[in-house]
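First comes the structure, then the notes that go with it.
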Amino acid sequence: MTAPAETGGGPPALWDPIVRLTHWGLALVVLLNAAVTGEGDTAHVWVGYVGLALMAVRLVWGIVGPAEARFSAFPPSPRAALAHLADLAWGRPRAYPSHNPAGAMMAYALWAALAVTIGTGIAITGTGPGARADHDAAFARGDWSVLAHERPFVDDETGELLEDVHEMAANLVLVLVLIHVAGVALESRALGRNLLRPMLAGRRTPAGKP
Amino acid sequence: MSPRARPNHAGGRRPLALAGFVLLQALAAVFFLGDAAADVMAAGLSAHLMVEGVVALALVLGVVFGALELRQTLERMREQDIALASARGALGEVIAAQFAAWHLTPAEADVGLLALKGLDVAEIAAARNAAAGTVRAQLARIYAKAGVSGRAQFAAFFVEDLMGEGLPEPGPKAATAAPPGR
């Protein structure tokens, strides 16, 4: 049975709400923590935890969600991704029911980079979203002993290593985001269909219509 | 067309709300679990933490069941869309088969379809680039062939099928459907 949200074997005319909310939620998290919140301040930590929750929901959705949102619909395959890029270069890409193979690799790469960023972030601040806030509150009360360590929850050597990895992974996320946006633009142009709109909103194509 | 598109659009809001709820629950679960983990690392297990553990479990289960519920809602909406499309297609087939059984000419079938869609004589004439008198004559022949008294009975002939016993099986069977015996 073909899902009516799909048109002509291409990607869905409208992604389901979890895919859309987690997509834009993570985009906002990346934007906030890259450009707005201060490095390592309390807001940065809270936004990071929001990112963790969004990732967790999307990954669960990859198992229990509808067909086109499931990992099985876009398995990671570097070879298929390269083949798709070659098709794209020749100007005749095929349409896929979920993410195209190159887009799929991008999704996994972004999730991996985000997972490393979030994981190291949590390790630096200590477990618990409130840890950093408690630390700051103690300082605000005048308990300056918390300043004895720049990173209160890990020893300095580990901390610096974690921070390096955190920063590298975060930069990788930004680079991947740029490639991702360029890829969507290129693919939209080659396929002659707007691939951004299904991720935003808009109406589903009425069933039975081509 | 536009009034038909509306239920689809309104139906799109419920999954969105459900998805928002799932995300909110996931946020709560992550923050709560993070906090509980920090407490365990700081103070070890205690009765208080056991309670927190139950709460955390409830939150996580809530997320998973919310996600499953959302998937079911989405699937149900898709099935309804498919059913609606096939019902529309089936009704179209029933009408075409019935017109053939009445031996309507292609022109009469066109006029009959437009009449079923609710166009009046002037509108049908305009749509077909014909004189109103021609259309009126065609309609009269259609009603005669169908054995109905007028437009209302003509439309009711097809609506009755829908109300009485649901949709008949689409396909050749419909062609043998008995003409009105009234």
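We use all heavy atoms of the structure for the numbers below, so side chains are in, but hydrogens, waters and symmetry mates are not. Letters A, B, ... are given to chains in the order of the sequence lines, protein chains preceding strands, and every chain is numbered from 1.
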**Report entry** Derivation of the salt bridge (Lys or Arg N to Asp or Glu O under 4.0 Å) call for A:Glu68 and B:Arg78
**Finding:** CA-CA 13 Å; A:Glu68 77 269 2; B:Arg78 275 181 192 187; 2.8 Å; yes
Query - Side-chain heavy atoms of B:Val22 within contact of A:Pro17, under 4.5 Å - result: no
Requested in this report: Can you establish whether the number of heavy atoms outside B:Phe21 located under 6.0 Å from its atom CZ is more than 12?
Outcome: no
Query raised in the report: Could you give the distance from CD (B:Glu75) to CG (A:Asp16), rounded to the nearest 0.5 Å?
Result: 11.0 Å
**Report entry** Rounded distance (nearest 0.5 Å) linking atom CG of B:Leu24 with atom CG of A:Leu21
**Finding:** 11.5 Å
Query raised in the report: What is the ring orientation for B:Phe31 with A:Trp46, classed by angle as parallel under 30°, tilted 30 to 60°, or perpendicular over 60°?
Result: parallel
Query raised in the report: Of the backbone (N, CA, C, O) and the side chain (C-beta and beyond), which part of A:Arg70 lies under 4.5 Å from a heavy atom of chain B, both, or neither?
Result: side chain
Requested in this report: Find out whether A:Trp61 and B:Leu70 are in side-chain contact, i.e. whether some heavy atom of one side chain is under 4.5 Å from a heavy atom of the other.
Outcome: yes
**Report entry** Proximity breakdown for A:Val64 and chain B, heavy-atom pairs closer than 4.5 Å
**Finding:** both
Query raised in the report: Can you tell if the side chain of A:Arg20 reaches within under 4.5 Å of the side chain of B:Leu16, non-hydrogen atoms only?
Result: yes
